[in-house]
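Here is the structure we will look at, set down as structure tokens.
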Amino acid sequence: MNRSILNRFLSRPSLNRSVVLAAATACALGFGVANRAQANNLPMVIEGQLPTALDGTSQDSFTFYGEVGTPVMLTLVSEDFDGMLVLLGPAGDVVRFNDDPFPTWYEPNALEVVTGSANFFDSGLYVHLPTTGTYTVQALSFSGLSGDYALTVRPATAYESLLHQARDLYNGPHWDTITTEILALYDAAIAAEPDQPYAYAERALVRVVKVSEESQERGDSVYSIFEDEQLRALLLDDFEQAVMLFEQTEQTYSGWYTYSLSMIDRLQAYE
């Protein structure tokens with residue numbers, strides 16, 4: 001999970017830690033929620049409607065069989081309610097959960113949300129299945145509101161697997177010591193599918209954050225990422241490629257598109 005996602009989830013004005021933990025426990029044990037379990041094979045595409053829940057926790061549940069190590073993508077899309085995905089393992093444990101679209105990052109220094117979805121109600125999960133068995137995926141509504149939704153669970157592509165491995169490493173506690181490995185994963189993702197924009201923009205941002213944090217550690221308030229001509233050229237190449245591909249694939253709704261445009265302006269202005 002993104003290192004910022006859990007903190008933001010726990011700090012939502014309408015929620016507190018006890019509520020979150022109670023909800024997670026209820027999900028894992030199957031209590032207090034409308035459970036409409038249904039077995040499916042992958043890929044699984046469900047178009048349904050959540051009922052309104054009197055206890056504030058509206059949920060649909062579906063099961064699928066998966067082999068250990070399989071990379072899986074899960075998405076929950078709705079324009080009617082703020083959704084959340086929970087993946088339970090064969091033993092009923094919570095493998096991973098998320099209430100945000102992905103990718104959701106923050107621009108360094110400005111803390112502006114950068115997301116790959118047009119709708120903040122959406123939710124996404126990527127996971128390597130930790131064991132073989134029957135998994136349960138739960139689609140939930142935070143407020144208990146009803147509404148239409150689309151749930152998709154499918155094996156991840158090679159590109160998606162490499163991209164999310166890079167994101168997981170970046171979101172780990174010691175990402176700054178393994179920047180080379182992270183950038184190598186982005187390189188491999190781009191080689192796998194060079195027409196996808198996200199890896200370009202995210203690779204550039206990793207470089208920006210790394211250099212910025214190194215500068216802060218040195219206490220160098222004068223140094224700027226824009227002063228390194230070689231780095232500036234690398235960043236421009238990646239951001240310009242990302243912008244071109246976002247436009248070609250009609251994904252200009254993405255926060256990564258606007259972020260890349262703003263970085264191009266800043267980098268070119270420095271020249």
Side-chain angles (χ1 to χ4, degrees), residues 1-2 5-10 12 14-68 70-102 104 117 119-156 160 164 168:
M1 173 178 289
N2 185 296
I5 287 176
L6 183 57
N7 290 333
R8 287 187 289 114
F9 175 54
L10 294 174
R12 280 174 174 263
S14 60
L15 299 174
N16 56 48
R17 288 178 182 270
S18 61
V19 171
V20 171
L21 292 175
T25 302
C27 290
L29 299 179
F31 298 149
V33 290
N35 191 325
R36 296 190 285 168
Q38 176 176 333
N40 294 271
N41 296 320
L42 297 186
M44 176 172 70
V45 180
I46 304 294
E47 292 187 358
Q49 184 178 57
L50 286 184
T52 299
L54 296 178
D55 65 356
T57 309
S58 185
Q59 171 198 317
D60 276 350
S61 297
F62 306 93
T63 62
F64 67 91
Y65 180 83
E67 299 284 347
V68 61
T70 302
V72 176
M73 295 282 291
L74 304 89
T75 57
L76 175 64
V77 177
S78 175
E79 295 184 357
D80 298 329
F81 59 85
D82 188 0
M84 177 177 177
L85 280 170
V86 178
L87 181 65
L88 306 180
D93 55 312
V94 177
V95 176
R96 183 168 288 193
F97 67 93
N98 189 16
D99 73 310
D100 285 330
F102 56 73
T104 302
S117 174
N119 184 5
F120 279 95
F121 282 0
D122 296 347
S123 179
L125 278 181
Y126 168 85
V127 62
H128 272 77
L129 299 182
T131 188
T132 297
T134 300
Y135 288 80
T136 301
V137 56
Q138 299 176 328
L140 298 99
S141 168
F142 270 121
S143 63
L145 294 177
S146 63
D148 295 331
Y149 69 88
L151 170 68
T152 302
V153 184
R154 60 173 175 78
E160 291 168 336
H164 283 276
D168 285 345

Mind checking what makes side chain to side chain contact (heavy atoms under 4.5 Å, CB included) contact with Pro90, not counting sequence neighbours?
-> Thr131, Tyr135
What distance separates [X] [atom1] from [Y] [atom2], expressed to the nearest 0.5 Å?
X	Y	atom1	atom2	answer
His164	His128	NE2	NE2	10.5 Å
Leu151	Thr75	CG	OG1	7.0 Å
Thr70	Tyr65	OG1	OH	9.5 Å
Glu79	Tyr149	CD	OH	16.0 Å

For the residue pair [X] and [Y], what are the closest heavy atoms and their distance?
X	Y	result
Leu125	Arg96	CD2-CG, 3.4 Å
Leu140	Leu50	C-CD1, 3.9 Å
Gln49	Asp60	O-OD2, 4.0 Å
Ser123	Leu85	OG-N, 3.5 Å
Phe62	Ile46	CZ-CG2, 3.6 Å
Pro71	Tyr126	CB-OH, 3.4 Å

Start with the C-alpha distance between Leu76 and Val137, add both sets of side-chain angles, then the distance that settles side chain to side chain contact (heavy atoms under 4.5 Å, CB included), and finish with yes or no.
-> CA-CA 10 Å; Leu76 175 64; Val137 56; over 6 Å; no
Please test Leu42 against Arg154 for side chain to side chain contact (heavy atoms under 4.5 Å, CB included), starting from the C-alpha separation and ending with a verdict.
-> CA-CA 5 Å; Leu42 297 186; Arg154 60 173 175 78; 5.8 Å; no
Between Thr63 and Thr136, is a side chain to side chain contact (heavy atoms under 4.5 Å, CB included) present by the stated rule, with each step listed?
-> CA-CA 4 Å; Thr63 62; Thr136 301; 3.6 Å; yes
Check: Ser61 side chain, Gln138 main-chain N or O, donor-acceptor pair, under 3.5 Å = no
Would you check if the side chain of Thr152 reaches a backbone N or O of Val45 as a donor-acceptor pair within less than 3.5 Å?
-> no
Is any side-chain heavy atom of Val95 closer than 4.5 Å to a side-chain heavy atom of Leu88?
-> no
Side chain proximity check, Val127 to Leu74, heavy atoms < 4.5 angstrom | yes
